[in-house]
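Right, one structure below, let's go through it.
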Amino acid sequence: MRLTAIFQKVPEGYIAFVEELPGANTQGKTLEEARSNLLEAIELVLESNRMLAEESIQGMDVIRETLTVSG
């Protein structure tokens with residue numbers, strides 16, 4: 001899977017977000033810090049989404065599969 005990171009220079013440093021993943025956004029004083037923080041934000045958003053999905057299907061009969069996205 002490929003995601004698109006967007007970095008914008010602001011007076012305080014950089015703001016960053018991922019186009020394809022709403023909620024994955026952050027900031028940093030340097031571009032390197034913003035990149036590092038963005039990777040952490042992605043992990044947190046995915047973890048949170050997994051937890052919410054688990055709660056919504058708890059007790060239901062579901063099929064779980066691993067997906068690999070290419071492109």
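Numbers here simply count residues along the sequence, with the first being 1. When reading the values below, keep in mind they use all heavy atoms of this one structure, side chains included, and skip hydrogens, waters and symmetry mates. Small disclaimer: the values here were computed from a predicted structure and weren't measured.
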Over all atoms of both residues, closest heavy-atom pair of L3 and M1
CD2-SD, 3.7 Å
Treat each ILVMFWY residue as a node, draw an edge where side-chain heavy atoms are under 4.5 Å apart, and state whether V69 and I42 are in one component.
yes
In the single-linkage hydrophobic clustering (I, L, V, M, F, W, Y; side-chain heavy atoms under 4.5 Å), do I15 and L21 co-cluster?
no
Listed pairs under 3.5 Å, donor-acceptor, residues 43-56 side chains, sequence neighbours left out:
{"from": "E54", "atom 1": "OE2", "to": "R64", "atom 2": "NH1", "distance (Å)": "2.9"}
{"from": "E54", "atom 1": "OE2", "to": "R64", "atom 2": "NH2", "distance (Å)": "2.8"}
{"from": "S56", "atom 1": "OG", "to": "A53", "atom 2": "O", "distance (Å)": "2.9"}

Tell me, do L38 and V18 make a side-chain contact under 4.5 Å, heavy atoms counted?
yes
Count the heavy atoms belonging to other residues, nucleotides or ligands that lie under 6.0 Å from CD of Q27, then report whether that count exceeds 12.
no
Distance-only criterion, 3.5 Å: show the donor-acceptor pairs between side-chain atoms of residues 4-11 and protein atoms not counting sequence neighbours.
{"from": "T4", "atom 1": "OG1", "to": "E20", "atom 2": "OE2", "distance (Å)": "2.7"}

